[in-house]
Amino acid sequence: MKEKIISLLKQTIEELVQAERIPECNMDTITVTTPPNKEFGDFASNLAMTMASKIKKPPREIAKAIKEKMEAMGDIIERIDIAGPGFINFYIKPVMWTSVLNDIHDQKELYGTSSFGRGKKVQVEFVSANPTGPLHIGHGRGAAVGDTLVRILSAAGFDVEAEYYINDVGNQMNNLGLSVLSRYRELFGNEISFPEQGYKGDYIKDLASDLSKIHGESLLKEDTSKAVEICRQFASRAILEEIKDDLQDFNVSFDHFFSESTLYENNEVDAMLGYMKEKGLSYEDEGALWFKTSNFGDEKDRVLRKQDGTLTYFAPDIAYHKDKIERGFTQIIDIWGADHHGYVPRMKAAIEALGADKECFHALLIQLVSLIRQGKPVQMSTRSGEFITLKEIIDEVGKDVARYFFLMRRCDSQLVFDLDLAKKKSDENPVYYIQYAHARICSILANAAEQGMTPDMETAALGLLADGEDLELIKVIAAYPDVVTGCAADLEPHRIAFYLLELATAFHRFYNKSRVISDDGRMTKARLVLISAVRQVLANALALMGIDAPESM
RNA sequence: GCCCCCGUAGCUCAGUGGAUAGAGCACAGGAUUCCUAAUCCUGGUGUCGCAAGUUCGAUCCUUGCCGGGGGCACCA
């Protein structure tokens with residue numbers, strides 16, 4: 001509907017320009033918004049005010065010219081008001097709104113999708129936790145945000161790939177092997193000092209125990225380096241499988257798991273270093289190899305290869321992003337924990353140095369999650385191995401509630417996850433409130449079906465809905481496509497969560513004021529079409545968040 | 001010291017270069033012979049952290065300050 005107003009407005013301006021009533025102007029900046037108050041119409045534009053300074057005419061005069069022209073050509077518009085300093089307020093003919101019911105009926109689960117993204121290739125990389133331990137609650141937020149963003153971008157017409165980068169090379173992995181080996185030796189009574197930087201969680205003991213069932217005592221006799229290698233491989237594979245299981249239980253899926261080790265196998269890291277040298281972007285100093293990130297806006301240069309000859313984490317990461325660029329993505333979106341924000345300028349520098357447009361790279365930073373149980377914070381520390389895992393959260397509150405809670409704040413806002421609220425099956429819990437709206441509609445539709453009535457577009461008199469509570473509800477579902485494209489354009493998945501709450505509220509209000517199945521046969525038919533459309537939109541929006549739409553509760 | 005994010009109702013948080021800044025919770029009262037009461041309705045509160053600047057217009061943009069969190073590695 002908003003799109004229709006914008007195109008009408010553009011057409012009007014063009015005609016006014018041709019008639020030389022106003023001079024040429026830029027049409028791309030036309031904005032149409034939903035006004036803060038119903039009294040100001042269904043849509044409003046501040047166009048006349050923004051044009052006023054450029055063409056040196058009073059805004060109300062410009063608005064008047066637009067109003068006269070547009071009112072004459074509108075099948076959609078009932079009337080136009082000029083208000084305040086020069087707002088143009090549009091009032092849509094009530095009957096026009098009911099056409100959205102036809103759209104929803106025709107498009108079903110595709111209602112809300114668009115060609116906004118024009119099929120552009122986009123990659124979203126998220127979670128990417130090292131396979132050194134189970135996913136914890138912080139990863140959960142990243143997973144919920146990333147997966148939902150992928151679904152939204154896809155709905156908005158982008159060609160999206162979801163990728164998980166596995167850091168399966170380097171110190172952390174060695175550390176994992178050492179930790180498991182120590183626990184393994186412990187099992188056989190060998191008192192071995194546990195590595196200082198080792199992983200202390202109980203899952204390490206479980207892995208050691210599994211290993212002992214396969215290998216018996218044989219690893220005790222191996223060289224330490226070989227034993228560590230065996231432990232490392234066994235543990236990282238097992239942990240990665242567990243991560244994948246957790247993600248599946250969380251309704252999160254990836255198109256591609258990208259292993260860091262393949263960068264070395266395919267010589268991509270060396271190739272990147274060669275590229276840097278060739279372009280004169282790297283230099284040797286104090287025995288280390290540096291990358292001139294300061295040429296691209298970073299505050300200082302960064303080390304690629306350390307004095308001891310080993311590479312920093314940054315080096316393979318550049319090679320990884322080079323690989324992404326070469327795969328032809330027009331947008332590369334990385335979802336990181338907010339503690340990595342200092343890493344953004346150097347990654348942007350790398351993207352630019354690699355010859356790509358730095359605007360194509362977006363780092364979405366996810367703020368911290370803290371847990372509250374019985375009003376008290378739950379202490380967590382990765383180092384001590386005391387952290388709440390994603391699996392524990394899912395087991396305790398369920399996948400749907402967890403996903404919603406992770407998405408009910410803006411990404412850059414810290415999140416307090418209240419476990420008691422999450423488990424409450426009452427009106428305080430927004431997830432059940434929303435799902436209940438869907439279940440209620442299903443229940444009404446089932447009752448209607450028992451009486452031999454199903455929603456039928458052909459025979460329903462939709463004109464009956466162009467008023468009162470019915471119209472209010474229609475306006476909410478009509479806004480849905482704009483919400484989806486808005487989320488995609490600004491990379492803000494949390495807006496779906498807020499929209500769902502708004503839609504559920506609108507439906508519950510409608511339910512309490514109006515009966516769907518009544519003695520009035522014509523109204524019953526029309527409202528069955530209406531609630532069936534509402535159900536479809538609830539289901540579509542819930543699907544974007546990866547949350548179930550239950551038929552009964 | 002430098003950098004990033006946040007600061008909006010009692011609490012948790014949305015929101016916007018524009019019109020009277022919103023929701024949920026909490027608190028109080030009310031609604032169901034009828035499609036699920038996991039529901040709805042009615043109540044009111046704001047120095048949009050502080051100050052200056054840009055603007056016809058700033059809670060929003062810029063700068064400085066205050067407060068909270070995070071980051072400043074030849075760790076990953």
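Per chain, numbering begins at 1; letters A, B, ... match sequence-line order.
Donor-acceptor pairing under 3.5 Å, judged by distance alone, is present between the side chain of A:E286 and the base of B:C74.
Under the 4.0 Å criterion applied to side-chain N and carboxylate O atoms, A:R527 and A:D470 are assigned as salt-bridge partners.
Classified by interplanar angle (parallel below 30°, tilted 30° to 60°, perpendicular above 60°), the ring pair A:Y165/A:Y320 is parallel.
Enclosure of atom NZ in A:K348 is not indicated, since only 12 or fewer non-hydrogen atoms of other residues, nucleotides or ligands lie within 6.0 angstrom. Remark: A:E551 CD is loosely packed, at most 12 non-hydrogen atoms of other residues, nucleotides or ligands lying under 6.0 Å away. Around NZ of A:K306, the count of heavy atoms belonging to other residues, nucleotides or ligands within 6.0 Å exceeds 12.
Across all strands shown, B:A76 has no partner, as no Watson-Crick or G-U wobble contact with both distances under 3.5 Å is found. Summarising the base pairing, B:A31 is matched to B:U39 through a Watson-Crick or G-U wobble pair whose two defining distances lie under 3.5 Å. The nucleotide B:A23 finds its pairing partner in B:U12, both defining distances of the Watson-Crick or G-U wobble pair being shorter than 3.5 Å. Pairing of B:G67, defined by two Watson-Crick or G-U wobble distances under 3.5 Å, is identified with B:C6. Under the Watson-Crick or G-U wobble criterion, with both distances below 3.5 Å, B:U59 is left unpaired in every strand shown.
Applying the 4.0 Å criterion to OP1 and OP2 of B:A37, one finds that A:R440 has a side-chain N or O inside that range. For A:R302 and B:C74, the shortest distance from a side-chain N or O to OP1 or OP2 is not below 4.0 Å. For A:Y511, no side-chain nitrogen or oxygen approaches OP1 or OP2 of B:C34 to under 4.0 Å. A sub-4.0 Å separation between OP1 or OP2 of B:C2 and a side-chain N or O of A:K300 is absent.
Distance from the side chain of A:N447 is smallest for B:C35 among the nucleotides B:A76, B:C35, B:G70.
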* Determine, step by step, whether A:Y433 and A:H508 satisfy the ring-ring contact (aromatic ring centres under 6.0 Å, His included) criterion, reporting the C-alpha distance in whole Å, the side-chain angles of both residues, the deciding distance to 0.1 Å, and the verdict. => CA-CA 9 Å; A:Y433 180 85; A:H508 286 309; 4.7 Å; yes
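Mapping A:R509 and A:G287 onto RNA chain B via the closest heavy atom, the residue that lands nearer the 5' end is A:R509.
Taking the six-membered ring for Trp and the full ring otherwise, A:Y164 and A:F126 have centroids separated by 6.0 Å or more. Centroid-to-centroid, the aromatic rings of A:F417 and A:F405 come within less than 6.0 Å. Close placement of the A:Y343 and A:F314 rings is indicated, their centers lying within 6.0 Å of each other.
Checked by atom type and distance alone, the side chain of A:S443 never pairs as donor or acceptor with a backbone atom of A:A439 at under 3.5 Å.
Across the protein-nucleic acid pair, A:K348 atom NZ and B:C4 atom P stand 12 Å apart, rounded to whole Å.
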* Nucleotide-resolved protein contact map, nucleotides 9-15 of chain B, B/S/- at heavy-atom distance under 4.0 Å -> ---SSSS
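Remark: A:Q451 CD to A:T524 OG1 distance equals 8.5 Å, nearest 0.5 Å.
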So which protein N/O to nucleotides 17-23 of chain B N/O distances come out below 3.5 Å?
residue	atom	partner	partner atom	Å
B:G18	N7	A:N46	ND2	3.4
B:A19	N6	A:N89	OD1	3.3
B:A19	N1	A:N89	OD1	3.2
B:A19	N1	A:N89	ND2	3.3
B:U20	O4	A:E39	OE1	3.2

Polar atom pairs (N or O), protein with nucleotides 28-30 of chain B, under 3.5 Å:
none

